[in-house]
Q: 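So that we are looking at the same thing, I have put the structure below in structure tokens.
Numbers restart at 1 for each chain; the letters A, B, ... are given by sequence-line order, proteins then strands.
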Amino acid sequence: MTQNVKKKVKELLESGKIKGFLGLCQKNGHIGPHLFCDPDDLESMVLGDEERPGDSRYPLNKLLIHIARSYPDETFGVLVRGCDERGLKTLYTWNQLNPDKVIPVGVACPQELADACECLRPYPEEFVEGERAEERSSASVTKISGLDVKDRFTSWMKEFARCIKCYGCRDICPMCFCNECSLEAEELIHTGELPPEIPIFHLVRAVHMAGRCIDCGLCNEVCPADIPLRTLYKKVADIIDEEFNYRPGYSEGKSPLNILGSAAEE
Amino acid sequence: MGDCHYLYGNVATEKRVRFLKKLLAFSGIEEERLRCKWVSSAEASEFVEEMQDFTETLRALGPSPLKQAGAQRAA
Ligand code: SF4
Ligand code: SF4
């Protein structure tokens with residue numbers, strides 16, 4: 001399955017177009033992120049499909065931010081699925097990565113993963129591996145929207161009540177790059193105290209994902225309490241689309257809520 | 001709009017409120033609990049009217065679900 005990706009990466013490394021390729025490798029039975037720098041050492045490269053498609057995904061573009069900061073003059077390649085490409089695009093608009101220094105190598109997600117993710121676009125613009133799966137709309141959002149307002153509250157509170165405030169959802173999120181985080185601002189959230197303030201903790205995070213969340217679902221996957229965070233952020237993205245005709249990673253340009261960008265200009 | 005002491009403050013606020021109302025509704029908090037109106041410091045009677053109207057709305061809605069959730073947490 002990885003043959004085409006390996007071939008492409010080998011070419012890029014040999015031609016000197018990239019300094020390294022940030023992808024996934026399998027070692028000692030585990031899959032993890034890896035920076036491949038030697039064109040003759042790509043044996044361990046995998047796409048993150050261990051038992052089920054895409055069950056070993058990582059926020060590679062988030063890691064790339066850190067690598068790029070340490071080597072600002074170098075160009076790096078990075079493995080992208082549809083969501084990762086949306087992430088890159090959005091990170092460019094927030095000046096977290098320089099598009100001239102990033103070469104994405106795309107893989108399309110299998111239908112099984114597209115279904116599980118309710119993904120609106122389970123493939124990047126260009127891909128060397130996989131086939132274009134069908135897009136899926138969000139049944140989970142429709143389901144909650146169908147409840148009356150009281151039941152919506154009860155159902156979210158039931159979910160949020162399981163939160164152990166591990167901050168995993170924030171830490172894995174490729175769109176969480178702020179130096180100061182509102183989820184640690186004393187006026188809003190009492191850090192180091194359990195149980196967490198619900199629903200405030202989750203709604204604060206949801207608000208901050210407006211104009212940012214590219215629907216990769218990593219938060220949902222990492223959450224030890226299985227809280228359907230992605231459903232909440234899918235709705236956030238729907239609202240921004242309805243109100244401002246903007247969907248991060250799909251639309252061009254900056255978020256309508258970016259104070260330094262369009263809000264100031266309009 | 002845009003004619004704000006805090007530069008683009010009201011432009012940003014208007015956008016955020018539009019978004020927040022819908023997010024509140026999805027989260028199960030009545031969106032009528034959030035209201036945004038522009039009143040200048042010279043328009044005292046408009047302000048009073050608005051506040052009276054808002055108070056009526058909130059009274060009709062009853063206690064906020066957040067308050068009940070807080071009470072349960074404390075118990
Ligand atoms: S789906 Fe979750 S992890 Fe991915 S961008 Fe949105 S909030 Fe961040
Ligand atoms: S990952 Fe889940 S349990 Fe951890 S803070 Fe986020 S919502 Fe709470």
Side-chain angles (χ1 to χ4, degrees), chain A residues 138 140-161 193-211 231-246 255-266, chain B residues 1-41 43 46-47 50-75:
Chain A
S138 184
S140 57
V141 170
T142 314
K143 199 172 145 206
I144 297 196
S145 305
L147 300 175
D148 79 32
V149 70
K150 285 211 170 59
D151 293 338
R152 284 200 288 262
F153 189 78
T154 318
S155 104
W156 278 118
M157 289 301 272
K158 226 175 101 200
E159 303 284 3
F160 295 155
E193 263 176 42
L194 284 171
E197 297 80 346
I198 58 169
I200 296 306
F201 184 90
H202 304 86
L203 293 185
V204 167
R205 179 140 209 288
V207 168
H208 287 232
M209 283 303 109
T231 304
L232 186 60
Y233 310 141
K234 273 179 191 286
K235 177 65 186 184
V236 165
D238 286 350
I239 299 173
I240 297 295
D241 197 7
E242 284 158 25
E243 292 294 321
F244 307 106
N245 203 8
Y246 178 87
S255 157
L257 298 174
N258 183 342
I259 304 177
L260 300 172
S262 35
E265 286 150 22
E266 267 167 39
Chain B
M1 288 299 273
D3 186 19
C4 176
H5 180 69
Y6 298 99
L7 307 173
Y8 47 80
N10 57 1
V11 179
T13 302
E14 189 269 340
K15 289 183 180 184
R16 286 177 193 157
V17 170
R18 254 205 280 162
F19 161 74
L20 271 174
K21 274 180 163 290
K22 288 195 166 177
L23 180 65
L24 286 178
F26 187 70
S27 320
I29 301 168
E30 298 90 344
E31 61 173 85
E32 295 82 10
R33 293 186 188 277
L34 176 65
R35 190 186 284 197
C36 176
K37 286 275 145 97
W38 314 115
V39 185
S40 104
S41 49
E43 295 170 329
E46 277 87 344
F47 181 71
E50 197 56 51
M51 288 313 285
Q52 278 168 343
D53 189 72
F54 193 33
T55 313
E56 283 311 308
T57 306
L58 291 178
R59 223 174 245 137
L61 283 170
S64 147
L66 288 173
K67 204 161 177 172
Q68 293 155 27
Q72 270 169 21
R73 259 167 61 91

Q: Taking 4.5 Å as the heavy-atom cut-off, does anything in residues 28-40 of chain B contact chain A, and if so which residues?
A: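 Expected list: Gly28(B), Ile29(B), Glu30(B).
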Q: For Leu23(B) and Leu232(A), which heavy atoms make the closest approach, and how far apart are they?
A: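 Shortest heavy-atom separation between Leu23(B) and Leu232(A) comes out as CD1-CD1, 4.3 Å.
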Q: For each of Glu242(A), Lys235(A), His202(A), tally heavy-atom pairs with chain B at distances under 4.5 Å, and name the one with the top tally.
A: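 Maximum pair count with chain B is reached by Lys235(A).
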Q: Nearest 0.5 angstrom please: Arg152(A) CZ to Leu24(B) CG, how far?
A: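 Separation between the atoms: 11.0 Å.
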Q: Looking at CD of Glu243(A) and NZ of Lys15(B), how far apart are the two atoms once the value is rounded to the nearest 0.5 Å?
A: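 Reported to 0.5 Å precision, the distance equals 11.5 Å.
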Q: Got more than 12 heavy atoms from elsewhere within 6.0 Å of CZ, Phe47(B)?
A: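 No, the 6.0 Å shell around CZ holds no more than 12 heavy atoms from other groups.
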Q: Report yes if the side chains of Thr154(A) and Pro65(B) come closer than 4.5 Å at any heavy-atom pair, otherwise no.
A: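 SC-SC contact between Thr154(A) and Pro65(B) ruled out.
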Q: With a 4.5 angstrom heavy-atom cut-off, is it the side chain or the backbone of Leu20(B) that approaches chain A, or both, or neither?
A: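 Side chain of Leu20(B) only, per the 4.5 Å heavy-atom cut-off to chain A.
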Q: Got Val236(A) and Phe26(B) here, is their nearest side-chain heavy-atom distance under 4.5 Å?
A: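 Val236(A) does not reach Phe26(B) side chain to side chain.
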Q: For Lys21(B), which residues count as a salt bridge (charged side-chain N to carboxylate O under 4.0 Å, His left out) partner, sequence neighbours excluded?
A: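 Checked Lys21(B) against salt bridge (charged side-chain N to carboxylate O under 4.0 Å, His left out); zero matches.
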Q: Please check if the number of heavy atoms outside Asp148(A) that lie under 6.0 Å from its CG is greater than 12.
A: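 Result for CG/Asp148(A): enclosed.
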Q: Minimum heavy-atom separation for Phe19(B) and Val207(A), please, with both atom names.
A: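 In this case the closest contact between Phe19(B) and Val207(A) is CE2-CA, 4.0 Å.
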